[in-house]
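Following: one structure in structure tokens, then a few remarks.
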There are 2 protein chains.
Amino acid sequence: MDTRDALLDSAEQLVRSRGFDAFSYADLSAAVGIRKASIHHHFPTKADLALALIVRYRAQFGDTLGAISRKSATGGARLRGYLDAYRAALQGGRAVCLCVAFSAGRESFSDPVLAELDGFHRDGAVWLRETFAKGREDGSIKAVGEPSAEADATLALVEGAQLVARAAGDIERYDAATGLLRQRTR
Amino acid sequence: MDTRDALLDSAEQLVRSRGFDAFSYADLSAAVGIRKASIHHHFPTKADLALALIVRYRAQFGDTLGAISRKSATGGARLRGYLDAYRAALQGGRAVCLCVAFSAGRESFSDPVLAELDGFHRDGAVWLRETFAKGREDGSIKAVGEPSAEADATLALVEGAQLVARAAGDIERYDAATGLLRQRTR
DNA sequence: GTCTATAGATCGATAGAC
DNA sequence: GTCTATCGATCTATAGAC
């Protein structure tokens, strides 16, 4: 793996576990094993690093959603895959997904970063809307209301569940918050 | 109002709009109109300030929930009051409530602060559980599942809705995320 | 209780050798 | 592309006069 990717990987982990404002190039230097000045060669400013992180994350998460779609026969299976993906990102309660971390620190970011963050949320809402529409058609999700309203509610639910679970450092909170929704897929 | 309260008020606003790590005693000094060194007289360390903020917020929010309970005749009315309270805290999309801000920055806090934060979440979950139980009895909330599961889901939903709305700087996102739940109270 | 002054650390970022 | 060295700004916190 080249240095740029290693920097992005370590930076993403630091953002997700500590927050964007709470880690420094010194932390990143220690994690990757090169000097602070060398990081600036790859990402001249921290704003450049933030943009690279969110662009990569949005693309990767789009791939993840595509993979869930392909292997899920029903809308309910898709929704369970989505809940599982956010659950895995919690790392047992020691991190949140990058979008939650970025949403929480939105004051620190430039407009291009905020635009990507908004795009990430819109991507997720579109995918969820299709998922609920499918689940309503095939009967694999119970009591489906307006799909776009279900999508907006589900996006907020999983991000809030991550936040609450992370605050307590306990992944049980995520399961408790998402339990009713998961039950609707059985 | 005495200086200590003025400091807490300004600090709370700064935390909710920028995040705990992203404001400094210099910002607080400018907001309140006394010198940085004078702030240390009231709150020797920033950790002391954090604890005072969350303790006060937990107590105030408990009062708010009590007031909602007293003026609400049904479980549904209580739930609408809860959704309204979190909506008002958004300040049009320019801030989040203190618990969301603290949850997001949990790495910056000492154990006593995290214990208060957890207490805040437990208080809210207990109140919501009673609210859903009441709404199920009096028929003012539709399709109520297990009250404690409804409570955990609702807490995560409103915190996530705040996060998404704040990220976009648009309170419409809060209304979109909470619309289905609100509909269940009609 | 508020002030001036400053300590000591850390921050993001840059210059220039190799 | 990575390094040493360093800059100027900012951070939390303290000392001591008033």
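The sequence lines fix the lettering, A, B, ..., with proteins before strands; numbering per chain opens at 1.
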Report the distance from atom OG1 of B:Thr154 to atom CG of B:Leu181, rounding to the nearest 0.5 Å.
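So the gap between those two atoms works out to 5.0 Å.
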Could you work out, with ring pair (Phe, Tyr, Trp, His ring centres under 6.0 Å) as the rule, every residue matching B:Phe61, not counting sequence neighbours?
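In terms of ring pair (Phe, Tyr, Trp, His ring centres under 6.0 Å), with neighbours along the sequence ignored, B:Phe61 is linked to B:Tyr86, B:Phe120.
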With ILVMFWY side chains joined below 4.5 Å, transitively, what does A:Leu163's cluster contain besides itself?
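So far as hydrophobic clustering goes, A:Leu163 is joined with A:Val96, A:Val100, B:Val96, B:Val100, B:Leu163.
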Residues sharing A:Leu180's hydrophobic cluster, by side-chain heavy-atom contacts under 4.5 Å among ILVMFWY, directly or via others?
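When side chains under 4.5 Å apart are linked, A:Leu180 ends up in no cluster with other residues.
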Anything under 4.0 Å to a heavy atom of chain B counts; send over the first and last such nucleotide of DNA chain D, read 5' to 3'.
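The protein-touched segment is D:dC11 to D:dA15.
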Within the structure provided, determine whether B:Leu155 and B:Tyr82 are in side-chain contact (heavy-atom separation under 4.5 Å).
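When only atoms from C-beta onward are counted, B:Tyr82 and B:Leu155 do touch, with a gap below 4.5 Å.
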Within a strict 4.5 Å, meaning less than it, do heavy atoms of the A:Leu8 and A:Phe43 side chains meet?
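A:Leu8 vs A:Phe43: side chains touch.
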Is the NZ or CZ atom of B:Arg78 both under 6.0 Å from the centre of the six-membered ring of B:Trp127 and within 45° of that ring's axis?
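Ring-cation test returns yes.
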Does the side-chain hydrogen bond (donor to acceptor under 3.5 Å, both in side chains) test come out yes or no for A:Thr74 and A:Asp138, once each step is laid out?
CA-CA 7 Å; A:Thr74 65; A:Asp138 65 22; 4.8 Å; no
For the residue pair A:Glu159 and A:Cys99, what are the closest heavy atoms and their distance?
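That closest heavy-atom pairing would be OE2-SG, 3.3 Å.
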With a 3.5 Å cut-off and no angle check, do the side chains of B:Arg80 and B:Thr185 form a donor-acceptor pair?
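Yes.
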Expected output is a numbered-order residue list: members of residues 5-21 of chain B with a heavy atom under 4.0 Å from any atom of DNA chain D. What is it?
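Listed by number, there are none.
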Residue-level proximity of residues 32-53 of chain A to DNA chain D when a heavy atom falls under 4.0 Å:
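Listed by number, they are A:Ile34, A:Arg35, A:Ala37, A:Ser38, A:His41, A:His42.
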